[in-house]
Number of protein chains: 2
Amino acid sequence: MAATIKDIAKLAGVSPGTVSRVLANKVGFFSEHTGEKVRAAAAELGYQKNTAAAELVTQQSNVVAAIVNSTKTNFASPIIEGIQAEAHRHDLNVIILYAGDDDSEQQRRALTTVIERPVRSILLLSVDLAAENLTLLQNSRIPFCFLSISFDEIQVPYITSDDWQVGYQATQTLLKLGHQNIGLAGVDSDFHTGRQRVAGYRQAMQEAGITVQPEWIQLGNYSYTAGQAAMRAYGANSGLTAIIGASDMAAVGVLNTARSLGYRVPTDLSILAIDGTEICELVQPALSSISQNFYEMGVAGVQQLCAPGELPQKITPIKLVERDSLQRNG
Amino acid sequence: MAATIKDIAKLAGVSPGTVSRVLANKVGFFSEHTGEKVRAAAAELGYQKNTAAAELVTQQSNVVAAIVNSTKTNFASPIIEGIQAEAHRHDLNVIILYAGDDDSEQQRRALTTVIERPVRSILLLSVDLAAENLTLLQNSRIPFCFLSISFDEIQVPYITSDDWQVGYQATQTLLKLGHQNIGLAGVDSDFHTGRQRVAGYRQAMQEAGITVQPEWIQLGNYSYTAGQAAMRAYGANSGLTAIIGASDMAAVGVLNTARSLGYRVPTDLSILAIDGTEICELVQPALSSISQNFYEMGVAGVQQLCAPGELPQKITPIKLVERDSLQRNG
DNA sequence: GCACTTTACACAAACGTTTGCAATGCCTTT
DNA sequence: AAAGGCATTGCAAACGTTTGTGTAAAGTGC
């Protein structure tokens, strides 16, 4: 139904090849006169290019796909913004797919819809791919890069913050304020990211000569409810004077539950969030955070995929952002 | 480089046509024996279908595109979840594009990347299309539907809440609690949605016999900063006892700024949010809200596109969700 | 006016599929 | 044994582009 290059050719009285060259603006391949004719015909027919067909013959595409693990993770937004901005600079288009939360079936669906189509490269935002899906991805021979997640067991390109440093610096920040009994809430220990954060935390505590009590580390999945659960586990008489939320959401969970348990924040209890997204500024008191540069991760992700040969694993910087949820102890 | 149907054909010793039929599992068109052979060959070569090529010949696609107006709007998530769920049920794939905030150039980019490719239909989440982009969309002849936005001037399919009712019921809720001086903060009056909310608000006030003071309506773009600005404009001695935030974000802006102005919420000031997303539960006090059923909008959106002939404009229900930010006046 | 280059275009193959049609061979039926 | 039916498969066209090659006409230099 839609007009094709052939319709234009017929209307303008030239060959399809010529139309293609005019529309692609291959200068030097057609006269002023035919250029005019073709463009007029195209406009008259309301021509829309069928890029899929073009990609079929050129065997290349200018779309990069971003697969994100959940609609709920709030840090995906700045990463995507970074991707969009940098993609724009390289004249690439971005499509986004949601892969659900650790649902390997949904992951597979998202993955195949992009693999089966001509996409130039794939960015995976914080998605922990099931083993069979990783093989699928690797077999596709499409360049890819993980963002905001790291691995130790497998050798794949990724860009993320130094999670060990995240844990270490968070803990150091609180130690410097005189805190000794410091909790770590909502962190998961199943994946590399969480393990690294815990390791950084432990190292900082050890250097300060403090023995970490087992109950100080409350595991979870970084969610709001994980933060709530952690705080309930600490209880009203935890003896803690500071808590690190393993994510912003976890920190908010800690904050709200601590309040309902009777803590005043930051007077009785300091809270330090990890991530530093928008949500830190929305709650009161605004949460101080070890902030990741998510935007930069997105930018670096598409750069890495545009300039192969670069080293495949990159670390983006983190920094402490002071807001209102920390207070010196004693 | 990647294996094609021809490679499989060669390896299995059959024709490409047969391979296609086996892989598409067209029963009755091939023998058990060749089925085995072909599948084995496909597996051996790690074959990945080129769906773009297939879509070229069949002239149809199973992907629906969702275009969202910004990475920042927090209600996009539940809509997308609804879309995904319903799309899955119809065996469709979903891709998401970001169109930026009222940036007609970015809109055009997003639009053309989907129009130029075989997509079955397009869902536009809360995006207010520039006139020329609407024409582009309409000329493409791809079925589309707007979500969470409505129009009066133009005749297009959309699914959203009844924004007049939103404004009316929000105001009624506060009136019933005995409030008289009620503000409306952060609403925009440039588009249909905002105008309707204001109209509903005015009607409810008028029915209660209250004259709306001009400064009670503070315009804005539904953002956190719009809420802040509105509350600063009201000031510490506003005379208001209740404020409707035009969105969750605006309501949070109002909340935080009110606090810093010395108001206690809800003791001195009741706040009612519009939207009812997750954020209402994260702040303290948790914000009561007139909640929209965003998930349902997503579901209805893909249903509408799967069953043409349905009426093109649909209203999803709203409801009051009581949390902790409202209090009886006097 | 000849050989040569340049310009401007048409032609056709190719990309990886799907699918209508034709062809083959076997099995029934009469 | 001829005719018809059916199961299985191959062949080739088609989808909408891009692009290398071929070629006629026009321009250039001597």
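Letters A, B, ... mirror the listed sequences (proteins, then strands); counts begin at 1.
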Under 4.0 Å between any heavy atoms, over every strand shown, what does [X] touch: base, sugar-phosphate, or nothing? Just pick one.
| X | result |
| --- | --- |
| K49(B) | sugar-phosphate |
| S20(A) | base |
| K6(B) | base |

Take atom NE2 of H192(A) as the centre, draw a 6.0 Å sphere, and report whether it contains more than 12 heavy atoms from other residues, nucleotides or ligands.
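Counting other residues, nucleotides and ligands, NE2 of H192(A) exceeds 12 neighbours.
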Quick one: sort the F146(A) and F151(A) rings into parallel, tilted or perpendicular, breaks at 30° and 60°.
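Judged by the thresholds at 30° and 60°, the geometry between F146(A) and F151(A) is perpendicular.
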In whole angstrom, give the distance that lies between atom [atom1] of [X] and atom [atom2] of [N].
| X | N | atom1 | atom2 | value |
| --- | --- | --- | --- | --- |
| Y47(A) | dG16(D) | OH | C1' | 7 Å |
| I5(A) | dT19(D) | CD1 | P | 11 Å |
| E55(A) | dT17(D) | CD | C1' | 11 Å |
| L56(B) | dC15(D) | CG | P | 9 Å |
| D7(A) | dC15(D) | CG | P | 10 Å |
| Q60(A) | dT19(D) | CD | C1' | 13 Å |
| N50(A) | dT17(C) | CG | C1' | 14 Å |

Is R117(A) paired with E55(B) through a side-chain N to carboxylate O contact shorter than 4.0 Å?
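Salt bridge flag = yes for R117(A) with E55(B).
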Is any side-chain N of the basic residue among R108(A) and E132(A) closer than 4.0 Å to the acidic one's carboxylate O?
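Salt bridge between R108(A) and E132(A), a charged N being under 4.0 Å from a carboxylate O: no.
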Return the minimal non-hydrogen interatomic distance between F191(B) and D128(B), and the atom names on each side.
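So the minimum-distance heavy-atom pair works out to CE2-OD2, 3.0 Å.
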Please name the pair of heavy atoms, one in S161(A) and one in Q292(A), separated by the smallest distance, quoted to 0.1 Å.
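That would be OG-OE1, 2.6 Å.
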Within this structure, what is the CG-OG1 distance for the pair L147(B) and T316(B), rounded to the nearest 0.5 Å?
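Rounded to the nearest 0.5 Å, the CG-OG1 separation comes out at 8.5 Å.
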Measuring to OP1 and OP2 of dG16(D), would you say a side-chain N or O of Q59(B) lies under 4.0 angstrom away?
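For Q59(B), the contact criterion (side-chain N or O under 4.0 Å from OP1 or OP2 of dG16(D)) is met.
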Would you give a per-nucleotide map of nucleotides 6-11 of chain C, 5' to 3', where B means the base has a protein non-hydrogen atom under 4.0 Å away, S means only the sugar-phosphate does, and - means neither?
--SSBB
